[in-house]
Amino acid sequence: VITASDDCGNAEVTMTETVVDGPCEGTYTIIRKYKASTGDCANSNYFTQTINVVDDTPPVITFNGFNQSIYNNGDSIDIDCAYMSSLALGISDVTISNECGTADLGFDLQYNHVNNCAQTGYIFVAVATWTAVDDCGNISTLVLNFRVKDITPPVIKGVPADVCVT
């Protein structure tokens with residue numbers, strides 16, 4: 001509670017408030033003007049308070065697919081090459097949330113061929129990158145590394161039946 005005092009009598013405090021929209025959703029400035037005055041002698045004093053509300057929190061990107069596990073930026077996920085064709089990564093694989101307004105989402109997929117499964121343990125890495133930018137320019141990125149492994153042994157077909165020769 002803001003109060004005022006005066007040596008020669010009572011003082012009263014009044015306040016007016018103005019809200020000015022900021023450059024993006026969730027940002028604004030509150031300007032409060034206080035006036036302390038005495039009715040008897042018409043003396044006044046003024047004080048202005050400025051409150052800036054800013055959005056400096058980036059959006060949150062959550063990966064929705066693949067075993068319903070929670071993955072963090074930079075995590076590696078091992079998958080069998082037999083399932084790679086069914087793994088169609090894209091924008092729909094994530095959800096974004098933002099405290100102040102909306103965010104735009106971008107997606108990029110790069111394949112890094114390793115060509116040495118015996119040494120690295122995988123055939124290639126698919127690097128999926130999702131980037132979200134909100135109205136205030138806050139950016140977040142989620143990068144997941146899908147390490148494609150050949151863990152399914154080959155299936156032998158066309159093997160002739162055992163033969164007994166006498």
Side-chain angles (χ1 to χ4, degrees), residues 1-79 83-114 120-122 124-149:
V1 175
I2 296 176
T3 61
S5 62
D6 186 72
D7 291 339
C8 296
N10 293 331
E12 180 181 306
V13 177
T14 58
M15 188 263 299
T16 59
E17 181 176 282
T18 305
V19 178
V20 179
D21 290 335
C24 55
E25 188 174 340
T27 65
Y28 53 93
T29 300
I30 301 170
I31 301 168
R32 294 181 179 160
K33 294 183 179 182
Y34 296 91
K35 178 183 176 183
S37 59
T38 61
D40 299 339
C41 298
N43 289 327
S44 298
N45 196 1
Y46 300 90
F47 174 77
T48 300
Q49 177 188 32
T50 303
I51 302 168
N52 293 308
V53 178
V54 297
D55 174 12
D56 58 1
T57 303
V60 175
I61 305 172
T62 305
F63 182 65
N64 299 324
F66 217 67
N67 300 333
Q68 300 302 318
S69 297
I70 297 174
Y71 298 102
N72 296 311
N73 190 33
D75 280 354
S76 292
I77 303 165
D78 293 337
I79 61 172
Y83 300 107
M84 187 60 198
S85 62
S86 64
L87 184 66
L89 295 169
I91 288 179
S92 62
D93 292 311
V94 298
T95 55
I96 54 175
S97 59
N98 190 39
E99 291 179 7
C100 301
T102 61
D104 293 325
L105 183 63
F107 175 72
D108 183 53
L109 183 62
Q110 298 290 321
Y111 291 96
N112 298 328
H113 294 277
V114 178
T120 63
Y122 43 90
F124 66 90
V125 177
V127 180
T129 304
W130 293 269
T131 303
V133 181
D134 70 11
D135 295 337
C136 293
N138 299 307
I139 300 172
S140 62
T141 301
L142 175 63
V143 177
L144 296 178
N145 301 291
F146 293 88
R147 297 187 302 193
V148 180
K149 296 181 169 198

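By convention here, the first residue in the shown sequence is residue 1.
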Contact check, side chains of [X] and [Y], non-hydrogen atoms, under 4.5 Å:
X	Y	value
Val53	Thr27	no
Ile30	Glu17	yes
Asn72	Phe63	no
Asn45	Asn43	no
Thr48	Ile31	yes

Between [X] and [Y], which heavy-atom pair has the shortest distance, and what is it?
X	Y	value
Thr38	Asn10	CG2-O, 3.4 Å
Tyr28	Val19	CD1-CG1, 4.0 Å
Tyr71	Leu142	O-CD1, 4.4 Å

Gln110 vs Asp108, test: side chain to side chain donor-acceptor pair (under 3.5 Å). Steps then yes/no. CA-CA 7 Å; Gln110 298 290 321; Asp108 183 53; 3.2 Å; yes
Pairs satisfying side-chain hydrogen bond (donor to acceptor under 3.5 Å, both in side chains), at least one member in residues 129-148, at least two apart: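 Of all non-adjacent pairs touching residues 129-148, those that pass side-chain hydrogen bond (donor to acceptor under 3.5 Å, both in side chains) are Asp55-Asn138, Asp78-Arg147, Asp134-Asn138.
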Let's go through Val127 and Phe146 carefully: what are the C-alpha distance in whole Å and the side-chain angles of both, what is the deciding distance for side-chain contact (heavy atoms from CB on, under 4.5 Å) to 0.1 Å, and is it a yes or a no? CA-CA 6 Å; Val127 180; Phe146 293 88; over 6 Å; no
Suppose we screen for side-chain contact (heavy atoms from CB on, under 4.5 Å). Which residues come up paired with Gln49, at least two apart in sequence or across chains?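 Result, side-chain contact (heavy atoms from CB on, under 4.5 Å) vs Gln49: Arg32, Tyr34, Phe47, Ile51.
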With rounding to the nearest 0.5 Å, note down the distance linking OG1 in Thr14 to CD1 in Ile2. 10.5 Å
Show me the donor-acceptor pairs within less than 3.5 Å that the side chains of residues 93-107 make with the rest of the protein, sequence neighbours left out.
| residue | atom | partner | partner atom | Å |
| --- | --- | --- | --- | --- |
| Asp93 | OD2 | Gly90 | N | 2.7 |
| Asn98 | ND2 | Cys100 | O | 3.0 |
| Asn98 | ND2 | Thr102 | O | 3.4 |

For Thr62 and Val60, run side-chain contact (heavy atoms from CB on, under 4.5 Å): C-alpha distance rounded to whole Å, both residues' side-chain angles, the deciding distance at 0.1 Å, then the answer. CA-CA 7 Å; Thr62 305; Val60 175; 4.1 Å; yes
